[in-house]
Amino acid sequence: MAKNPPHTPETGLWNQLNAWMTKGPAGYTFLSLYTLITSALLITNPRTSLFTDIVFVLFLLLILAIYRSRLDMRFKVGLAVVALGFVLPYFGTLNPYYIDVATQAGIFATLAMGLNVVVGFAGLLDLGYVAFYAVGAYLWSIFSTPQIGNMISGATPVGEGWFYLFIIIGLMVGGLFGVLLGLPVLRLRGDYLAIVTLGFGEVIRVLAVNLDKPINITNGAQGIKDIERPPLFFAPALKALGFNLDNNQLYQLFFYFMVLLVVLITMLVVGRLKNSRIGRAWTAIREDETAAIAQGIPLVRMKLMAFAVGASFAGAMGVIFASKQLFINPPTFDLLRSISILSMVILGGLGNIPGVILGAVLVTLLNLQILPRIAEILRTAKEAGLPIPQSFDPTQYQRLLFGLLMILMMIFRPEGILPEDRRRQELHDHDDEPVEGQA
Amino acid sequence: MVAEANVSKQNLQRQRTLQTLRTVFMPLGQLLLFIVGSAAVLGLIVVVVAFFLSRSDPKIMQTAIAILPQVMIDGMVRGFLFATIALGYTMVYGVLEFINFAHGEIFMVGGFVGAGVAYLLMQWGLLSTLPWIVFIVIAIVMGMTVSGLLAMATERVAYRPLRNSPRLVPLISAIGMSLVLQDVVRLIATSSPLGFNARFETPNFGKPFQIASIPLGERAIPVQISPKAVIFIVAAMLMLLALNYLVNATRLGKAIRAVAQDRATASLMGINVNQIISLTFLIGGALGGAAGVLFGMNIGTVNPYMGFIPGLKAFTAAVLGGIGNITGAMVGGIVLGFLEAFVASYLSLFTGGAFSGASYADIAAFSILILILIFRPEGLLGESTTQKV
Amino acid sequence: MALLEASNITKVFGGLTAVNDVTLTIDEGSIVSVIGPNGAGKTTFFNILTGIYKPDKGDVRFNGQSIAGLRPDQIAARGMRRTFQNIRLFPNMTVLENVLVGMHTHLRAPFWNILLRNRSLRLEEGKARDKSRELLRFVGLDDKRDNLAKNLPYGDQRRLEIARALAGDPKLILLDEPTAGMNPNETVEATHLIRRLRDERGVTVVLIEHDMRLVMSISERISVLDYGTKIAEGDGQVIRSNPRVIEAYLGKAAGHHG
């Protein structure tokens, strides 16, 4: 009934600054300088420290700044390629810790985008998402190690070259599990679905712990170690270019680029699905099931598709993760993992792709960098005699963090920290830019 | 004339009392029926399976029958545990159509309050001198008060502002609340003398009651029930009776049922809907808290994460009995408790130790949830309803 | 020729017979109204036609084939679309997207084409957009196509719901109280739009309506339901003078006097 409120011109100081910095010559200068300064700071001072932490976070936020700016597409892509394709990996060879953080952020970004298809697009609350990730991870772990011999007597592990094929297999098996879980439960109402998927996640974890007998499939609570890694086909080329790197560094670079590639593919796939008949049907189901079905949308089939698509990303990522970690065990795939992925999606805004990536990066940084850093500060403060509870270690209080995040986001900002659609709307309302076709 | 009128008035009065008694005690009768029924059906299955297995190993039959009474007692204790927690889920679902994910944590808080009370009493040297019944009453009343108020507070803070949002939104908030409560209690517990795994001290309740003794070969297997288990069952039954009375025979109960039927109309009839919803959380939370105290006392320790799995299973019980239906929640709890006890005890016996029963009991519970939701989503006692468009 | 034939439809909820042995035939190209007091079973009847409820007895034939027992989406895909009494748009989608969702059954792009975003997909999407815009122009909402549906004024939301229903190229469109809550001006516009549905688009229209002026002015046939039973049928003239109808609307006394 109420019309859109009339658009107020950008009046606030921050808004003016924002508008000035993201457009025109000032924008180009600002972004170039931003890239230059943060890159220089990282490369000249790669030691792990609070200062480097801050610079590293600023460096990652650069990608967001690039994305949100309204500059020439070629410039934006070029800058992103320089930052993510050259500066970050080079910095990684100087300090392995930070590139591992970036790789993990990428893994979670993919998982969060996958879960976003299920929760954000189709509105199906899946609390057992990590189960599909576990399926992919166990798949590669079993087949690439002597564990396969425990399962099928006489069988020998597949070679390291099978890794790439197994990513595809992980994708398909993940999707298959999604369908298997989805078939019985997708007729259920939304809140029942949440409970059932939660139960499913627990069942998969319990199975992983207990399926070491009667046949040893998962090796039980001990987990599987010495998981195979793919061959380093690019090592000779790097050597020829004069980079002398050890195997550890090479693998770090390999997984960094591998994950980066998967993130890009995932973005592309999810983005295209979103703006297609399928994505529209998902959104319609999320908004109003009865109205969606009245438009001829087959509910169960579309929900199954969402489940399968979401699960297949997790399955494929599981293969990569197992190979990167070298070791997996059941606690890696507990409920808290599912919850942390869900909180990334919620932080970024349900259904919003760039927001969800940002959410994944922020939560990963929080987990791996910020919380340990706070813990360190608290420790020194305690040594200095400040009254801090004996056993309080912030890194151990992720539940509290995720819980607060969920409640606060739901109450104060259910659209996420980066509400893209509204911005697009606003943009359109007064700039009269075309809505479509910017991708 | 006057005498006649008096007689008919008395009659009416008596009829009403009878009516009340029936509504209060009938669910209990149903409950007992289900206890006996589940025990009989599962016992029969066990005997039949054991019979076939005993062809290869004659010992199986003996063992299976020898442990049967103990398994049934165990099932009953679990059943009452799930039943008391399930009531909180079902009542809240009844009035709000909302799964209060944090209810398992309300239960856990009750356990901690009980442990805390016991710790303080021990510090003051009262634990061994107080009569045990006084200890139990204090612990349960404290647990009920704190859990009830906490449940009410969570509703006020995290659910009420979201009452008109899409369904997913309050659900996510409730999941968040569950996580927050787990870690807040953990923070408090680990900074207090209780610690993460807090011992739940109790006065000495005496030796287990010996019910029977079953000869197995040369040995005799005693069938015992611990005093704690008896206390659990008696207390749970008393609470269920009280709840039945409250919901079916008081004005407050009528108001709760009215709000559950139709919130808008109830508010037009002058019922303060917000207040009733708060009270529903209070009552459900208090029951959960009492269950927590009894559970903690029974197990001997409590920890901040202990509410999650029982909460999930209690929810399963609520769905099993027909969510929103109070008698259904109790019945569902009993059935699930028995089932779990049987799976936990007999699975490894019957598979020759290949599958550990305790781990697969969880899987059995969730499988039941999924099967029930698919084939009879309205539950054992629920009536099928059609969504109105 | 009969486009829709509902014969002897009965639906019971618990002990209540919501629809009792109702038979209704709708000719292609007609505008038909179903009227009756509140609670007479009109919306339930619509829900049976569109497959949301299964009838306990009776059969529904649409376009020569039985559709009783099909799912709502299958019925919608066969060319029967509806609007809802209490407007059910997709509130957080844009106006254009709402219409595109209505076109779902006509978009056939396979999964792989969507991922590859190839020529055939772009062609299909382009066509779908053009057609959606044309429909939005038809109902007068093209200039608001990028607004979120929830931000539209009430009358626009009703029109958008009609555009969305049209997107499936329906043979038959069921309108559930299309002018509920409208002021007299908006009602006149809505009447005009409903007539254009049939005249310009060749869509057969069935509507549930309470506004008698609208019903009388627009319908070629009127069926009256009361307590789940069809009590009268005919053109406006017949209905107006039918004593049972007057009784149903105004009570027994009025029926005897008037």
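Numbers restart at 1 for each chain; the letters A, B, ... are given by sequence-line order, proteins then strands.
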Above 12 or not: heavy atoms from other molecules or residues under 6.0 Å from [atom1] of [X]?
| X | atom1 | value |
| --- | --- | --- |
| B:Arg163 | CZ | yes |
| B:Gln261 | CD | no |
| B:Arg156 | CZ | no |
| A:Phe177 | CZ | no |

Kindly give the heavy-atom pair with the smallest separation between [X] and [Y], and that separation in Å.
| X | Y | answer |
| --- | --- | --- |
| A:Leu404 | B:Val180 | N-CG2, 3.4 Å |
| B:Arg186 | A:Gln396 | NH1-O, 2.8 Å |
| A:Ile407 | B:Ala158 | CG2-CB, 4.1 Å |
| A:Ile411 | B:Leu162 | CA-CD2, 3.9 Å |
| A:Gln398 | B:Asp183 | N-OD2, 4.0 Å |

Please classify the contact of [X] with chain A as side chain, backbone, both or neither, using a heavy-atom distance under 4.5 Å.
| X | result |
| --- | --- |
| B:Tyr305 | side chain |
| B:Ile172 | both |
| B:Leu181 | neither |
| B:Phe196 | neither |

Go through the atoms of [X] and report whether side chain, backbone, both or neither lie under 4.5 Å from a heavy atom of chain B.
| X | value |
| --- | --- |
| A:Ile346 | side chain |
| A:Ile215 | neither |
| A:Glu202 | side chain |
| A:Leu405 | neither |

TODO: Could you tell me which residues in residues 121-130 of chain A have at least one non-hydrogen atom under 4.5 Å from a non-hydrogen atom of chain B, sorted by residue number?
DONE: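 The residues closer than 4.5 Å to chain B, in numerical order, are A:Gly123, A:Leu125, A:Leu127.
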- [ ] Supply the atom-to-atom distance B:Ile363 CD1 to A:Phe200 CZ, rounded to the nearest 0.5 angstrom.
- [x]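 B:Ile363 CD1 to A:Phe200 CZ: 11.0 Å, rounded to 0.5 Å.
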Open item on the list: I need the contact set between residues 87-96 of chain B and chain A: heavy-atom distance under 4.5 Å, sorted by residue number.
Closed with: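 Within residues 87-96 of chain B, the residues that come under 4.5 Å of chain A (heavy atoms only) are B:Tyr93.
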- [ ] Sort out for me which of B:Val184, B:Ile175, B:Val319 touches chain A most, counting heavy-atom pairs under 4.5 Å.
- [x]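 Max contact count across the listed options: B:Ile175.
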TODO: Could you check which of B:Val157, B:Ile309, B:Leu312, B:Leu179 has the highest count of heavy-atom pairs closer than 4.5 Å to chain A?
DONE: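 Among B:Val157, B:Ile309, B:Leu312, B:Leu179, the one with the most close pairs to chain A is B:Leu179.
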Name the option with the most non-hydrogen atom pairs under 4.5 Å to chain B; the candidates are [options].
| options | result |
| --- | --- |
| A:Leu350, A:Leu198, A:Val185 | A:Leu198 |
| A:Met410, A:Arg399, A:Met406 | A:Arg399 |
| A:Ser343, A:Ala194, A:Gly199 | A:Gly199 |

Task: Worked check of side-chain contact (heavy atoms from CB on, under 4.5 Å) between B:Phe366 and A:Val196 - done: CA-CA 8 Å; B:Phe366 296 128; A:Val196 170; over 6 Å; no
